[in-house]
Q: 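My questions will all concern the structure given below.
Only a predicted model underlies this, so the values are computations on that prediction, with no experimental measurement involved. Here is the naming used below: chain letters follow the sequence lines, and residue numbers restart at 1 for every chain.
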Amino acid sequence: MQLDPFAGHHGAKILLAQCQARFLNPLMDLPFNIANHLDAALRVAAGKLSLLERGFQPEVRVADPANGDFQANGALAFAKREKQNPRALAQQIVDLLGDLSADFELTLAGPGFINFRLKPDALLRWLQIYDSEQHLQSGAASARRGQTWIVDYSSPNTAKQMHVGHLRSAVIGEALCRLLVFSGAKVIRDNHIGDWGTQFGKLIWAYKRHLDPAALAADPLEEFERLYKFGNHAAEADPAVLTQAQQELVQLQGGDATNLAIWQKINDVSLAAFQVIYDQLGIKFDYTLGESFYNDKVARVYQELTASGLATESQGALVVFHPEHPRFKTQPFLIRKKDGAANYASSDLATALYRSENFQADGVAYVIDFRQSDHMDQLFLTTKKWFEQTRRPLPQLEHVDFGTVLGEDNKPLKTRNGENIRLKDLLHEARERAFQLVSSKNPDFPEAERRAIADVVGVASVQYADLSQNRSSDYVFTWEKMISLEGNTAAYLLYAVARIRSIFRKAGFDPAQPPVSGATAPATAAEIMLARKLVKFSDAVQLATNNLRPHFLSLYLYELAGDYSSFYAADKVIVDDPALRARRLLLCHRTLTVLETGLHLLGLRTDLARM
RNA sequence: GCGCCCGUAGCUCAAUUGGAUAGAGCAUCUGGCUUCGAACCAGAGGGUCGGGAGUUCGAAUCUCUCCGGGCGCACCA
């Protein structure tokens, strides 16, 4: 906890009040997450009424601002179960919450809602404590301390360009990593690339016969993609080619030095190209353990699953059925093909084992699109039974699924000639469009600065368009909506950031060290609205993290930026009255801090002074 | 055929997982820049939450049933 040593008379009174409060009741301190604080207080009260042993849950949540800051709904469900009068029960609880009245206005509403509204002095205190990204994090980091999470995301196939289909996994996955880190978990970022597929037979066939060295030097991935298509067409047209391609694959898998070298080169080039994309998206993997890595680890899977009786032979293949499941009792989980080769189920099972043994993972989040939910369900079911039989700890397995990126015709987004849009091109166009816009708004900025701003705004817009939406649904991708920069967009949030920086710049203050001592409690309607929003940052983070849904945080940040804009329009910051100015500078600074912290959690850059 | 997901304002999307009068943006209309950045703000209109039935203090959310749309379902990953 930090207190401003230069706080004036008012600050001293607050300090005194805090000390007294802590002496009388430790719950009176204001922690990072106020909802949890209220939850604890309600449990104490419910304990005195002997409600806890009968299953009382406080059910504290953020309230509609019209009703208060937080509300506790637990009395309703409890009274219903116990056939009591909910309002009378809520009143009994409220009567025991006297200590909270120093910081909150408590009211009873409707059939038994308990409403909590933070008093301005309490708002001020919270704002004084949580004054930096570090302090916000230290407040949040207790939630998942000690947990290890593996996030399996992005996972493109090598020898191919990344395209729009790879966008969501990368963007959502990175945001989840950052959210989990923020809440105290150890996070392992694992790029489970597809580097051992059957595409290599045709590709190596074409590489050996039709390689264009100049094209390879200019843009290797482009050339590999051309070669793959060439090989694919040739194999379709001529069975002899297909046979040769299959032969190349057999040689590769048999460890042939030439083919392995080609394969290695393809992977190296692919990973380098991926990294160019990842750099723009702020992604850095801890591990890139693709399918090839598990090549020699699948035999153990076959052996263990067969020995345990989970896997059986069927039509020549090794499969797992789940008799208790309505569908998977007949729909097999195919873990080894009839030709003896591994498939993605084999390597996914081997991966689950490896992660359990080597990383002691408490949780694994698979950021993979919804079309693979059958596969994920079968994988999780099989892993669960397998680990139980072998007495291994089972990590929490989460399929973080997401919908398809659609074009304006409501079909999966493609180029005009029906090809997938490359991520490289998409990000380039985003930056280009942002540059045009920045240039039209601020033609007087130097070009280099306009470029730098466009790089931030353009990429952030693409990321945010994805993260601001519930991942479960498909979403329609339109440049119009994304780059026109109105409404719930990255640009709107970054504009708020730029305007706050502008105030500090114009007033000659260091944004890191604003003169906020002597700040008084928020008082105007806009100030109070903004302060009330700021203290709910932790709830948004918690909601986003617990549900593995970043859009909860996006929505919060958008509302925060909106409240700031209203405040900015209503209340002038740089005024003569020192206490009033300090108060408003404090609000500006904390808004900047929370906005940047939140945007960083989503994986966006915020490094622009103006835009 | 079996199963999963979805259907909310003209359009694009929310709704803290069963809570209070279903909210935003775009578009439309009205007002606000000699005052810290108007990429902004204030306000207005716009809804049988796909239809119907049920569960209960309370349903967009849960159950059933229709109607529409998307996606999976034996050797691609």
Q: According to a strict under-4.0 Å criterion, is A/Arg327 in side-chain N/O contact with OP1 or OP2 of B/rC73?
A: no
Q: Do A/Arg610 and A/Phe445 meet the cation-pi criteria used here (NZ or CZ under 6.0 Å from the six-membered ring centre, within 45° of the axis)?
A: yes
Q: To the nearest angstrom, how far is A/Arg471 atom CZ from B/rC6 atom P?
A: 12 Å
Q: So does A/Ser314 reach the base of B/rA74 with its side chain, donor to acceptor, closer than 3.5 Å?
A: yes
Q: Establish whether the base of B/rA20 is bridged to the side chain of A/Asn115 by a donor-acceptor pair shorter than 3.5 Å.
A: yes
Q: Who is the Watson-Crick or G-U wobble partner of B/rU63, with both distances under 3.5 Å?
A: B/rA53
Q: Would you tell me if any nitrogen or oxygen in the side chain of A/Thr198 comes within less than 4.0 Å of OP1 or OP2 on B/rC76?
A: no
Q: Does B/rC36 have OP1 or OP2 under 4.0 Å away from a side-chain N or O of A/Arg505?
A: no
Q: Does OP1 or OP2 of B/rA14 have a side-chain N or O of A/Ser473 closer than 4.0 Å?
A: yes
Q: Could you tell me whether A/Gln542 contacts a base, only the sugar-phosphate backbone, or nothing, with contacts defined as non-hydrogen atoms closer than 4.0 Å?
A: nothing
Q: Does the distance from a Lys or Arg side-chain N to an Asp or Glu carboxylate O, for A/Asp576 and A/Arg581, drop under 4.0 Å?
A: no
Q: Is any side-chain N or O of A/His551 closer than 4.0 Å to OP1 or OP2 of B/rC13?
A: no
Q: Measure from NZ or CZ of A/Lys160 to the centre of the six-membered ring of A/Phe224 and say whether it is under 6.0 Å with the direction within 45° of the ring axis.
A: no
Q: Output yes if the stacking criterion (under 5.5 Å between centres, under 30° between planes) is met for A/Phe113 over the base of B/rA20, else no.
A: yes
Q: Within less than 4.0 Å of OP1 or OP2 of B/rC11, is there a side-chain N or O belonging to A/Tyr475?
A: no
Q: Do the side chain of A/Ser538 and the main chain of A/Phe32 share a donor and acceptor less than 3.5 angstrom apart?
A: yes
Q: Between A/Thr489 and B/rG25, is there a side-chain N or O to OP1/OP2 distance below 4.0 Å?
A: no
Q: Does the Lys NZ or Arg CZ of A/Lys297 fall within the cation-pi geometry relative to A/Phe293 - under 6.0 Å from the ring centre and within 45° of the axis?
A: yes
Q: Kindly label the base of B/rU17 as syn or anti, based on whether its glycosidic torsion lies within 90° of 0.
A: syn
Q: Using a heavy-atom cut-off of 4.0 Å across all strands, would you classify A/Leu76 as base, sugar-phosphate, or nothing?
A: base
Q: Side-chain donor or acceptor of A/Gln331 under 3.5 Å from a matching atom on the base of B/rA74?
A: no
Q: Looking at B/rG72, does its base get a donor-acceptor pair with the side chain of A/Ser373 below 3.5 Å?
A: no
Q: Only pairs with both distances under 3.5 Å count, Watson-Crick or wobble alike; so what is the partner of B/rA9 in this structure?
A: none
Q: So which nucleotide does B/rA38 pair with, by the Watson-Crick or G-U wobble rule with both distances under 3.5 Å?
A: none
Q: Please confirm whether the shortest side-chain N or O distance from A/Gln315 to OP1 or OP2 of B/rA74 is below 4.0 Å.
A: no
Q: Any side-chain N or O of A/Arg584 less than 4.0 Å from the OP1 or OP2 oxygen of B/rC36?
A: no
Q: According to the Watson-Crick and G-U wobble definitions, with both distances under 3.5 Å, which nucleotide is paired to B/rU28?
A: B/rA44
Q: Does the side chain of A/Asp348 come under 3.5 Å of the side chain of A/His375 through a donor N or O and an acceptor N or O?
A: yes
Q: Distance between the P atoms of B/rA42 and B/rC26, in whole angstroms?
A: 12 Å
